[in-house]
Protein chains: 2
Amino acid sequence: MTTKAPTSSAVRLAAETWESLFRSQVAVMRRLQAGPAFKKLPIKEYDVLFTLSRCPTGKLRLNEINDHVLLSQSSLSRLVDRLETRGLVERSIAPDDGRGILLGLTAAGQELQKEIGREHVRDIAELVAPALTADEQRELLRLTEKLQAFVASK
Amino acid sequence: MTTKAPTSSAVRLAAETWESLFRSQVAVMRRLQAGPAFKKLPIKEYDVLFTLSRCPTGKLRLNEINDHVLLSQSSLSRLVDRLETRGLVERSIAPDDGRGILLGLTAAGQELQKEIGREHVRDIAELVAPALTADEQRELLRLTEKLQAFVASK
DNA sequence: CCAAAATAGATGTATTTGCATGTATCACCG
DNA sequence: CGGTGATACATGCAAATACATCTATTTTGG
């Protein structure tokens, strides 16, 4: 099979689209991380608590968490050290794989996640809801999910 | 005037939308920065060269650049130090404001930006173009631009 | 079953980042 | 004007991050 060469206009469109997605993320993230909630805990550390809180089993492998954040493996390992030192998460050995580490929230971790989460969600809503109609938000959600799914499958 | 209280479903939609936008950015960025082009220059440093290359006058104030990247003022100052040491950019004093610094690309900086840029754009196209139709990309572009414009105006 | 390769995570170490602060210039107001 | 506060950028220093490497476990191929 031959792979069709992309036209230069198609390449340009993709580049512009990514550029805009990236810049909008920068703009929103800048505002969000300036919120007072993240004086208590840096947003990257909160994100790990959040990810754990969303997980049905309550526990995740470090390498699974690593897929969700833009950090190197060693940086995540140390970030988790900090969370563990503060008593917000607990490491345990994965039952089915002796190399793996399962991470779970402690009661204090759940508490802090919810506390920060409430404020964070408010901030998000203040920033995103007035910018786009509900239909536009649903479409943006759909498109970013589709993009993410494609990238993950590649 | 009374500000309408957002419904909880509206808050939830905004939060989910942002979450998806953010994760898609993480997924794409992870791939892009793993590209071989960014062995030569970290992607954050490339981004500054790119921003300068797009600018009509060829020069930008540091604080303008700072609005486009997710870095503190001091981190950008040091990033520019590194670029300057490598001979890729030049600092000059802003003519209309003695406090300000104008940053411009050197010939070597332009060269390297183009070189990395060609490969980078190819990588973007490979990741984004097959994921979404042209119409979907245009819509994603429109929505992220709208979001960014709102956030910037706030 | 065993040896070799692969994978998960931790750790030493150099680099990058951010916070607090410093210096210089500018803008405003009496 | 003159002085007070604001703005733009740089810098000292502590913290976070990445790269290379290490250990331990699992997987694979003979």
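Predicted model, so just to flag it, every value in this text is computed and none were measured.
- Using a 4.0 Å cut-off, no side-chain N or O of B:Ser75 falls inside it from OP1 or OP2 of C:dT17.
- The distance between atom CD1 of B:Ile93 and atom P of C:dT25, rounded to the nearest whole Å, is 9 Å.
- When heavy atoms are screened at a 4.0 angstrom cut-off, A:Leu71 is found touching the sugar-phosphate backbone but no base atom.
- Heavy-atom contacts of chain A under 4.0 Å fall on DNA chain D between two terminal nucleotides, which in 5' to 3' order are D:dA16 to D:dT26.
- For the pair A:Leu102 CG and C:dG9 C1', the interatomic distance rounds to 13 Å; values are reported in whole Å.
- Using a cut-off of 4.0 Å between Lys/Arg side-chain N and Asp/Glu carboxylate O, A:Glu139 and A:Arg142 are scored as salt-bridged.
- Side-chain N or O atoms of A:Glu119 include one that pairs as donor or acceptor with a backbone N or O of A:Ala37 at under 3.5 Å.
- For A:Ser20 and B:Thr144, the side-chain atoms include at least one donor-acceptor pair closer than 3.5 Å.
- Counting only heavy atoms from C-beta on, A:Asp97 has its side chain closest to C:dA8 among C:dA8, C:dG18, C:dT16.
- Overall bending of the helix from C:dC1-D:dG30 to C:dG30-D:dC1, expressed as the angle between end axes built from five pairs apiece, is 40° (10° steps).
- Rounded to whole angstrom, the span from the CD atom of B:Glu45 across to the P atom of C:dT15 amounts to 13 Å.
- Where A:Arg61 and B:Arg99 meet DNA chain C, the nucleotide closest to each residue was compared, and A:Arg61 sits on the side nearer the 5' end.
- Between A:Glu126 and A:Arg122 there is no salt bridge, since no side-chain N of the basic residue sits under 4.0 Å from a carboxylate O of the acidic one.
- Between A:Asn63 and the phosphate of C:dG9, there is a side-chain N or O to OP1/OP2 separation shorter than 4.0 Å.
- Both A:Lys44 and A:Gly98 sit near DNA chain D, but only A:Lys44 has its closest nucleotide nearer the 5' end.
- B:Leu105 and B:Val69 end up in the same hydrophobic cluster when Ile, Leu, Val, Met, Phe, Trp and Tyr side chains are linked at under 4.5 Å.
- One finds no side-chain N or O of A:Arg78 lying less than 4.0 angstrom from the OP1 or OP2 phosphate oxygen of C:dT13.
- Below the 3.5 angstrom threshold, one finds a donor paired with an acceptor across the side chain of B:Ser74 and the base of C:dG18.
- A straight line from CG of A:Asn66 to P of C:dT7 spans 15 Å, rounded to a whole angstrom.
- Taking atom CZ of B:Arg82 as the reference point, atom P of C:dA14 lies 17 Å away to the nearest angstrom.
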- Task: Might you work through the salt bridge (Lys or Arg N to Asp or Glu O under 4.0 Å) test for A:Asp67 and B:Arg23, ending with a clear yes or no?
- Result: CA-CA 10 Å; A:Asp67 291 337; B:Arg23 298 295 170 206; over 6 Å; no
